[in-house]
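Everything below concerns the one structure shown next.
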Amino acid sequence: MLRERKSPTHRPPPRPQPLTERVVAWSVRHRTLAITGWLALVAVAVLAGVLVTGERAPATDPGEAGRARHALDAQRGYEPIQENVLVRRLANDGPPATTDPLLRAAVADLSATLRALPAGGIVVHDPYAAGRADRISADGRSVLVTFGVDGDIDQRRTRWAAATAAVADVGGRHPQIRLAQAGDRSLSLAVDQGVQGDFALAHHLSLPLTLLILLVVFGSLVAAAVPLLLTLTAVLATLSLLQVIDHWLPINSVTAPMVLLIGMAVGVDYCLFYLRRQREERAAGHDLPTALAITAGTSGRVVVVSGVTVMLCLSGLLLTGIGAFRGAAVGTVLVVGATMLASVTALPAVLAALGDRVDRLRVPWLGRRRTGAAPSRFWTAVAVGVTRRPLLWGVAGTLLLVFLALPALRMHPQDAAVTDSLPRSVPTVDAAVRMQQDFPGAAAPARVVVWSRDGSPVAGRADVDAAVAALRDRIAVDGDGLDGPVTVAAVDRALVVRVPLAGSGTDPASERALATLRGDVLPATLGRVDGVGHAVMGRTAFAHDFTERMTSRAPLVVGTVLLLAFVLLTVTFRSLAVPLVSIGLNLLSIGAAYGVLTWAFQDGHLAGPLRFTPYGGVVGWLPLFMFVLLFGLSMDYHLFVLSRIRERWAAGAAPGRAIVEGVGRSAGVVTSAATIMVAVFAVFVTLSAVEYKMLGLGMAVAVLVDATLVRGVLLPAALALCGDRAWGPRRP
């Protein structure tokens, strides 16, 4: 009799472990290799930034200003630097400038000193020469001395420095006369030094402030040092890589502060997510490997999803077609990617190597674990109240955010002129302000680039000279916002005609003057010369073309960011309600930030405390940049809270209970992360440039609103109203 065989039991194959958990598990097992590998990657990035040398990629301006820049860059020579010196009596008395012996003596001394400089290359325009009445101010009290500095790059810098020193020396020899210099290089140097000083100040303030907050959060020097060191290495690697990328893609000077700001905010957040969950699992009785494995499957997954979301949102800036935004997008995407990579490789390895020693070096009175496993009693109580009456709390919170957003309806996008951006305590800015009062537009005029379409020289052509003369006459007779001294300089085969514009350079008066120049004066003069092209560049033209390009591309950028966020959240949570709620709440918080920004800066209500001079607008590039940045960053703790709520719901808790427990258990790390974010952004409010002040206040307000009203009230209310429909069917 044959024995009957038992059929083998067919068990389903084990589910593959998610990639994040596999990477973290490998890092924990090979902790030394993971840590040294990350440090080696940072070292390679730093070495690449040092060793890769060569010419930087030229910046490409949008619109007509970009065409003018392209035509000028195609020339073999360099455009001479033009500087202006305002000469005026310190006291408002004395004879008119045309006959004032003190003024005439100072002007003669200045002209002779500049022409006699050993380095040469200085061309001085005598304001008292025939036909130059436009160099005498309308009140007859001031004289404008204009001089050009020629040569190659190094020669121009040397000659400019010598000329600037000479202006100061002449001023010392004439104590009754004020000599105030402002022009191409002096103003650009003031801006560059302001940016460098702001970056250094932000660096020096943000790091100690972040460390102090981390010490308060963890109560341990070791635990506080881990997020800070990880973030610094990611920022260092990113800044070094940007030095390499700058040879192919122009990197704007504002990119470095953005990398520091985003890197500090995101990097510390990711470390907090990890440390919080690891401590929670250790407090629940799990050993270190098990706690790290659970952390990898929960907070580690949130870090990856958050990082990808932030990078996708920031990549929306690439769609603007603006070089400065492309550089900022690449820099911020790189630093987020670097911190995300370090958070799933080096961070778990460091935590595995330290073990419980991560709590060593306790700080007196701060030694207790602020991010321990206990849920927040305050936010738990708030969540309980909200879930009991979600409609009431949801409507009240929404109305409050709508009220905060109302001033944004009258937001006027307008870039800040140099005299609006930097404080008047900067000597060059003070000189430009004084010059603007007597000779509007002289410090930063529009520059009309004129070139021949067949590549032949235009200097010396009779028809071009006649057109330029007609342009001068047209401005002198009926300027309509075009006024002041017009100068012409040859640059290889092209000409650069400088035309002062009314207004500050970016205000409505300057916009009207630019429209007149482009739409009326130039077509009637240079536009009638056959075979010759012309285009207008300069501060006013660049700001106008930049804003026009940004406005036309804004719907594409906003739509792409919203679509990417919706798709990613839908895939992550397998729900339609969650992405719709998340996007709606983000739009409310961004609107509130816009409203506060308009109220504080455009209306000038915080001009005194924040030490700036309102100019009636908000920096034109800021609203779109803030939208992309905030939409990505707000997902950090938003995803963390949502994942904790869904985790409790998937474990069998009722929707209301899952919301309460999820909000309460995530409150500690979210509050800590938001505090650090707000502190880092608030550092930018202390900087000198008004653009950084606006960015810092707007971002800090949005994060604060997100971390309190949105996280604690509106999100629980919306999810409570949705109930089980927010998450779909439960998994068995």
Side-chain angles (χ1 to χ4, degrees), residues 53-61 65 68-86 110-127 144-171 179-196 246 250 252-253 418 426-429 431-432 435 442-451 457-459 485-500 505 537-539 541-542:
T53 59
E55 291 290 331
R56 298 178 57 186
T60 303
D61 298 339
R69 170 56 63 188
H70 179 74
L72 197 57
D73 290 341
Q75 309 306 315
R76 289 190 296 269
Y78 296 95
E79 180 186 5
I81 296 173
Q82 180 170 298
E83 291 287 319
N84 309 282
V85 181
L86 178 71
L110 177 62
S111 300
T113 302
L114 290 174
R115 292 190 178 107
L117 288 174
I122 307 294
V123 178
V124 184
H125 302 281
D126 184 1
L144 187 70
V145 177
T146 301
F147 64 91
V149 183
D150 209 347
D152 60 27
I153 294 178
D154 293 333
Q155 288 175 329
R156 287 186 301 166
R157 289 175 179 172
T158 302
R159 292 167 177 172
W160 175 86
T164 301
V167 172
D169 290 341
V170 172
L179 274 68
Q181 178 181 340
D184 293 348
R185 180 160 175 77
S186 54
L187 284 173
S188 64
L189 192 63
V191 172
D192 290 344
Q193 290 175 344
V195 170
Q196 294 171 5
D246 193 29
N252 191 275
S253 59
V418 175
V426 178
T428 305
V429 174
M435 197 172 296
R447 290 143 66 195
V448 183
V449 182
V450 186
W451 70 93
V458 295
V486 176
T487 61
V488 182
V491 182
D492 193 18
R493 295 159 296 163
L495 287 178
V496 177
V497 183
R498 293 173 178 258
V499 180
M537 59 187 292
R539 174 65 178 168
F542 172 78

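Reckoned from all heavy atoms, side chains included, excluding hydrogens, waters and symmetry mates.
Between I153 and Y78, the closest heavy-atom pair is CG1-CE2, 3.7 Å. Contact between A71 and V449 at its shortest, heavy atoms only, is CB-CG1, 4.2 Å. Of all non-hydrogen atoms in L179 and G171, the two that sit nearest each other are CD2-N, 4.0 Å. For I122 against A163, the heavy-atom pair with the smallest separation is CD1-CB, 4.2 Å. Minimum heavy-atom separation, T428 to Q181: CG2-O, 4.1 Å. When all heavy atoms of N84 and A442 are compared, the closest pair comes out as ND2-O, 3.2 Å.
With sequence neighbours left out, A489 forms a side chain to side chain contact (heavy atoms under 4.5 Å, CB included) with P80. Under the salt bridge (charged side-chain N to carboxylate O under 4.0 Å, His left out) criterion, D150 pairs with no residue at all, not counting sequence neighbours. Every side chain to side chain contact (heavy atoms under 4.5 Å, CB included) that A166 has, sequence neighbours left out, goes to T113, L114, L117. Checked against side chain to side chain contact (heavy atoms under 4.5 Å, CB included), A459 has the following partners two or more places apart in sequence or in another chain: A490, L495. Taking the side chain to side chain donor-acceptor pair (under 3.5 Å) definition, one finds that T487 meets it with Q82, sequence neighbours left out.
Each salt bridge (Lys or Arg N to Asp or Glu O under 4.0 Å) pair with one or both residues in residues 487-500, not counting sequence neighbours, appears once here: R76-D492, E79-R498, D184-R498.
Enclosure of atom NE2 in H125 by more than 12 non-hydrogen atoms of other residues, nucleotides or ligands within 6.0 angstrom is indicated.
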